[in-house]
Amino acid sequence: MTAPRSPSPQPEPGRPPLAHVRRVMFVCLGNICRSPLAQGVFEHLAVARDVRDDLIIASCGTGHWHVGDPPDHRSIAVARAHGVHLRSRGRQLDASCDFTAFDLLVPMDRSNLRNLLAAGCPKDRARLLLEFAPPAALAEHPEAARTLEVPDPYHGTPADFERVYRLVHAGAEGLLDAIVGPSA
Ligand code: 4NP
């Protein structure tokens, strides 16, 4: 006999839609450009809202090339320019434990999302970061508004990293709102 599946937590009026989420893993391909930035910005926002100690926040890549590496110097620079310190080291997704160790996996683009699902991530645990960005914040980024993808800046310019920062910030703020409720 198969055990009945426990129902997903349902949104209740007045309760943030992701109120059950405490452990968040940001995911990209290399874990040196976008997801370390998302991790750092999300940590920074959580500190500012005084909820940092309530959350476990991490990032990883689906690829293995940068395990142990610091974030890309261009991500470090754009984060620093906005007062955000990046402290992660490259880590590869571990399909043997990450889908239970984290309540929510947050890929930067649809390729990362496909990789997660192919590795066995339950569909209801994976959400694109930009699903959480308020539409107004995406107004100046028509391509991202259409695709809900944070573009890979690895072969890009400093301006591409600034664009990635803005997108990541918009998504991270919306995600934190969805978990702990909007700031007063
Ligand atoms: P990320 O960018 O996925 O945002 O960290 C990349 C970093 C490295 C590579 C690709 C994308 N790479 O091919 O090494």
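Note that ligands are numbered from 1 as they come in the structure, with each ligand's atoms numbered from 1 the same way. When a residue number appears, it is its place in the shown sequence, counting from 1.
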Take atom CZ of R52 as the centre, draw a 6.0 Å sphere, and report whether it contains more than 12 heavy atoms from other residues, nucleotides or ligands.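 Buried by this count: over 12 neighbours within 6.0 Å.
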Output yes when the distance from some N or O of ligand 1 to some N or O of R34 is under 3.5 Å, and no in every other case.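 Yes, at least one N or O pair falls under 3.5 Å.
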Using a 3.5 Å cut-off on N or O atoms only, is P153 in polar contact with ligand 1?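 So ligand 1 has no N or O lying under 3.5 Å from an N or O of P153.
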Give me the nearest non-hydrogen protein atom to atom 1 (P) of ligand 1 as residue plus atom name, then the distance to 0.1 Å.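 Answer, as residue, atom name and distance: C28 SG, 3.5 Å.
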For atom 12 (N) of ligand 1, the protein heavy atom that lies nearest, with its residue and separation: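 Ranking protein heavy atoms by distance from atom 12 (N) of ligand 1, first comes Y154 CE2, 3.6 Å.
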Just verifying a value: how many Å separate D54 CG and R49 CZ, rounded to the nearest 0.5 Å? 12.5 Å
What's the separation between atom SG in C60 and atom CG in L116, rounded to the nearest 0.5 Å?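 Separation between the atoms: 7.0 Å.
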Test side chain to side chain contact (heavy atoms under 4.5 Å, CB included) applied to I179 and F42, step by step: CA-CA 12 Å; I179 295 172; F42 194 70; 3.9 Å; yes
Below 4.0 angstrom from a heavy atom of [X], which ligand 1 atoms are there? Numbered from 1 as shown, please.
X: I32; result: 5 (O), 7 (C), 8 (C)
X: C33; result: 1 (P), 2 (O), 4 (O), 5 (O)
X: G30; result: 1 (P), 3 (O), 5 (O), 7 (C)

Is the closest basic N to carboxylate O distance between D98 and R23 below 4.0 Å? no
Options L29, V27, T62, D152, ranked by nearest heavy atom to atom 2 (O) of ligand 1, top entry: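 Ranked by closest heavy atom to atom 2 (O) of ligand 1, first place is D152.
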Between the side chains of N115 and N112, does any donor sit under 3.5 Å from an acceptor? no
Work out which heavy atom in V164 is nearest to a heavy atom in P151; give both atom names and the distance.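 Shortest heavy-atom contact: CG2-O, 3.5 Å.
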So, 4.0 Å and heavy atoms of H66: is ligand 1 close enough to count as a contact? yes
